[in-house]
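Worksheet: one structure, shown below.
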Amino acid sequence: MNPTKSEKIEDILEGLTESQRRAVCHGEGPLLVLAGAGSGKTRVIIRRIAYLLAQGVDPYTIVAVTFTNKAATEMQRRVEALVGEGVDVSTFHAFCCKTLRREISVMNRDPGFSIYDRRDSVRAVRRVVKDNDLDTKTHKPREMLNRISNLKNKVVGPEAWAEEAVSVNDRALATVYKGYEEELEANNALDFDDLLLKTILLFREHPEVLQKYQDRFEHVLIDEYQDTNLPQHLIAQALQGKHHNITAVGDPDQMIYGWRGARLDNMLEFEHDFPGSTIVKLERNYRSTGNILRAASVCISHNLRRHDKQLWTDREDGPQVQITQHDNAYREADFVAETVEELIEQGTDPGQIAVFYRTKYQSAPLEQAFGSRALQHQVVDSVGFFDRKEVKDLRAYLQVLVNPDDDEACLRIINKPKRGIGKRSQEKLLRYARKTGDSILRAAGHAAEIESLGPRAVRAVTAFHELMEEIAGFEYETIEGLIEKIVEETEYLEACDDEDRRDAAETLSNLMGYAGQYDEHHPDGDLLGFLEQAALVSDVDGWNAGASAVPFMTLHSAKGLEFDVVFLTGVEDHLLPHARALDDDDSRHELDAVEEERRLLHVGMTRARKQLYLTHCRERFSQGRKQSVEPSRFLDELPEDCVQRQSRRSFKRAGSASGFRDEMDRAIAAKRKARSRSHRKAGSAGQKQEKKKEKPKTPEGVLNPGQRVNHHMYGEGEVIEAELDGNMQRVRILFDTEGEVQMVLPKGKTFS
DNA sequence: TAAACCGTTGTTTTT
DNA sequence: CAACGGTTTA
């Protein structure tokens, strides 16, 4: 057509192999790309979108789906860089959310719906269980929600389940399921599963709506197809129903969300579900060195339920995979920090090193070890941030503004900060609201008419209602500004304990910062959009990949990423594979569960380009007790020629009960020393400390505000703030030349 | 009847 | 080790 077109297409195909090209240039009809780890699958999707656009396809007719928002923005950015125009890329949940906001009114639901996270859902289920006079001990809300979620993932609604339920337990579940759905509807809320499910129902019950989308989407592209569940598969199927141009990319060996309903069958039966499909296999790995790739391939080859696939590389062998054993998690963390320090000194960019673990709580010792060496790191855990109580409180205020029917949110904030509306009054309010069919907020407006409320409660509830009216009337330019106003108006911070206030203030200022970013990037965004984004974040979304800091993340979050150097910690039985995968009381088969854990390890290993470290401990604290642990059974399966095994255990000195000296020992010793010193100095001060509530503001003899320090990297500076946090002290130091730095040190440790 | 207190519980991974 | 639920206190 025009002269730049063929140039563009040449650019787009540049550097691609034959099979990658076949996928990128595929014409009409369904396409399945079976792409092994590191075989360039994301690249293939991006180039394929770019290729379609270069062919003159209207971006509006393309829908692309990724696993996380982060991957979505990244994909959009990279397509734009190639072709100069982007397409809309989102996650399944975000896509469904957008669609429902537009269309849900045909199902007689309000488009301003709230999105409930797991915690909100558990609370709702608990209320339903109680309302039905069921015992929360025998009918645990968490478990019931899990079962409900599983049913939703199988597209089994409450009515269908009620027909199937025979046993007492199952019938109770049917009751709760139905009640939970009613509760959601009354609150005008959808849970995560509903975003998918209601979209399916929308398409099923309103063919005219479905047709609109089928007409529109000439091309449907989906990444990480191995982790899609049944509802997602059905949505994909529905969307491609007219043009049949679906591209699904994935790797069955990287399916790690089976517990969330991911179905390998979506890929394995792709040809059946999408007649006339083409399959392209990508088996060449461009990412990892030979040793890493071979070790990972051998690892995954131990899975029985698997189609054989041989990944190959022509890259050099590189260093062997290092497997090290340590005494405990602190020494393990110390080893990681020490090695990272060496790597950085040798010129490795900290952002090209990553630390993975199976469970989030494993991050604590690592943070400590990195903090004490002043190594820049970031714990990738956005969801954790949005789970903080201050953040959830403020979000609930905003949520009630947007959706006054949301009783869950309203109950959360009705007495936060404390304003004299206790449990009893809340119950009365709730009962009244149920009776009249009003929301809690509306009921609060008629507090005086509720006979059971005493005069004091009536005053408190009315005051709350007036406060909410006031907030609803706020004029605001930015969401950041709105949050600030709410914090002021509610005197939220003033009501916090002295001890918590600093933390709360910091959390809220982070929230405002986040809101500020939203304001900036979404000039015409609204509160609804902000809340939606906050509700649908994934952990990695908050990771600043450009920062020169070592990311710490779970193996699940690591999917789709790659780094030069990878540390995989806690490779122990009961952690990886996790204990929950080893006991078979679950409905899922034990073998399946263990194989999923093996895939998880495989995902972690294949993230590494050049160097891979697998670490495990002899002992680990779990449930507050020290327990001896065994190396992961998976480690035995690795081929000896690719790995180097090493014990990094400390030897106990003869005659000494505490032979090895690690950070903990040193910290304890320093603390003892400090205490005895303060005993001498302040006489009874030490005894006071033994009493219940006398938390010392700053640790004795360690770092105190005002103190001058000298750090081996940052030089001289002054301590601004120091506070104890469990076994660590968090300090803020203003360095003379380097500016303000926050770090976490083991209790009792100074660095000069 | 609100709020502080205490014991028990259950602890993977996440859109 | 936290969050929740029940119990005591004021």
### Query
NA contact type, A:Arg358, heavy-atom cut-off 4.0 Å: base, sugar-phosphate, or nothing?
base

### Message
Within the 3.5 Å criterion, strictly below it, is a donor on A:Ser114 or A:Asn403 matched to an acceptor on the partner's side chain?
### Response
yes

#### Entry: side-chain N/O A:Lys140 vs B:dG10 OP1/OP2, d < 4.0 Å
yes

### Query
With respect to the side chain of A:Val383, which nucleotide from C:dG6, B:dT15, B:dT14 is positioned closest?
B:dT15

### Task
Kindly say if A:Ser557 contacts the phosphate of B:dT14, meaning a side-chain N or O under 4.0 Å from OP1 or OP2.
yes

### Any A:Lys137 side-chain N or O less than 4.0 Å from OP1/OP2 of C:dG5
no

### Query
Has A:Trp259 got its ring stacked on the base of B:dT13, with centres under 5.5 Å and planes less than 30° apart?
yes

### Query
OP1 or OP2 of B:dT13 less than 4.0 angstrom from a side-chain nitrogen or oxygen of A:Lys559, does that happen here?
no

#### Entry: Any A:Arg142 side-chain nitrogen or oxygen under 4.0 Å from OP1 or OP2 of B:dT11
yes

### Message
Quick one, A:Val65 and A:Asp223 - any side-chain contact, counting heavy atoms below 4.5 Å?
### Response
no

### Task
Determine: side-chain N/O of A:Arg118 to OP1/OP2 of B:dT15, distance under 4.0 Å, yes or no.
no

### Message
Check this for me: does any side-chain nitrogen of one of A:Arg358 and A:Glu596 sit under 4.0 Å from a carboxylate oxygen of the other?
### Response
no

### Query
Rounded to the nearest Å, what distance is computed from the CG atom of residue A:Asn69 to the P atom of nucleotide B:dT15?
8 Å

### Query
Would A:His578 count as stacked on B:dT12 if the rule is ring centres under 5.5 Å and plane angle under 30°?
yes

### Message
Any donor-acceptor pair under 3.5 Å linking the side-chain atoms of A:Asn266 with those of A:Arg263?
### Response
yes

### Query
Among A:Lys559, A:Gln254, A:Gln232, which residue meets the side-chain hydrogen bond (donor to acceptor under 3.5 Å, both in side chains) test with A:Asp227?
A:Lys559

### Message
Output the rounded distance in Å from CG (A:Asp227) to P (B:dT13).
### Response
16 Å

#### Entry: Nucleotide forming a Watson-Crick or wobble pair with B:dG10, both distances under 3.5 Å
C:dC1

### Message
Looking only at the side chain of A:Lys418 (C-beta and beyond, no hydrogens), which of the listed nucleotides B:dA4, B:dT13, B:dA2 gets closest?
### Response
B:dA4

#### Entry: Ring centroid separation A:His522 to A:Phe530 under 6.0 Å
no

### Query
Rounded to whole angstrom units, what separation is found between the NZ atom of A:Lys389 and the P atom of C:dC4?
12 Å

### Query
Out of A:Leu366, A:Leu568, A:Leu555, which one pairs with A:Tyr357 under the side chain to side chain contact (heavy atoms under 4.5 Å, CB included) rule?
A:Leu366

### Task
Assign each of A:Gln426 and A:Asp193 to its nearest nucleotide of DNA chain B by heavy atoms, then name whichever residue's nucleotide is nearer the 5' end.
A:Gln426

## Note on the structure
Side-chain contact check for A:His556: nearest option of B:dT1, C:dG5, B:dT13 is B:dT13

### Query
Are OP1 or OP2 of B:dA3 and a side-chain N or O of A:Asn415 less than 4.0 angstrom apart?
yes

### Message
What is the separation between atom NZ on A:Lys360 and atom P on B:dT13, rounded to the nearest whole Å?
### Response
7 Å

### Message
Check this one for me: any side-chain N or O of A:Thr554 less than 4.0 Å away from OP1 or OP2 of B:dT14?
### Response
yes

#### Entry: Between B:dT15 (C1') and A:Phe92 (CZ): distance, integer Å
12 Å

### Distance in angstrom units between A:Tyr257 OH and B:dT14 C1', rounded
5 Å

### Task
Nearest whole angstrom, please: distance from the C1' of B:dT11 to the CD of A:Gln362.
13 Å

### Message
Checking contacts here: which listed nucleotide (C:dG6, B:dT1, B:dT12) is nearest the side-chain heavy atoms of A:Lys428?
### Response
B:dT1

### A:Thr136 or A:Arg119, whichever maps to the more 5' nucleotide of DNA chain C
A:Arg119

### Base paired to B:dA4 (Watson-Crick or G-U; both N/O distances under 3.5 angstrom)
C:dT7

### Query
When the distance from CZ of A:Arg126 to C1' of C:dC4 is rounded to whole Å, what number comes out?
7 Å

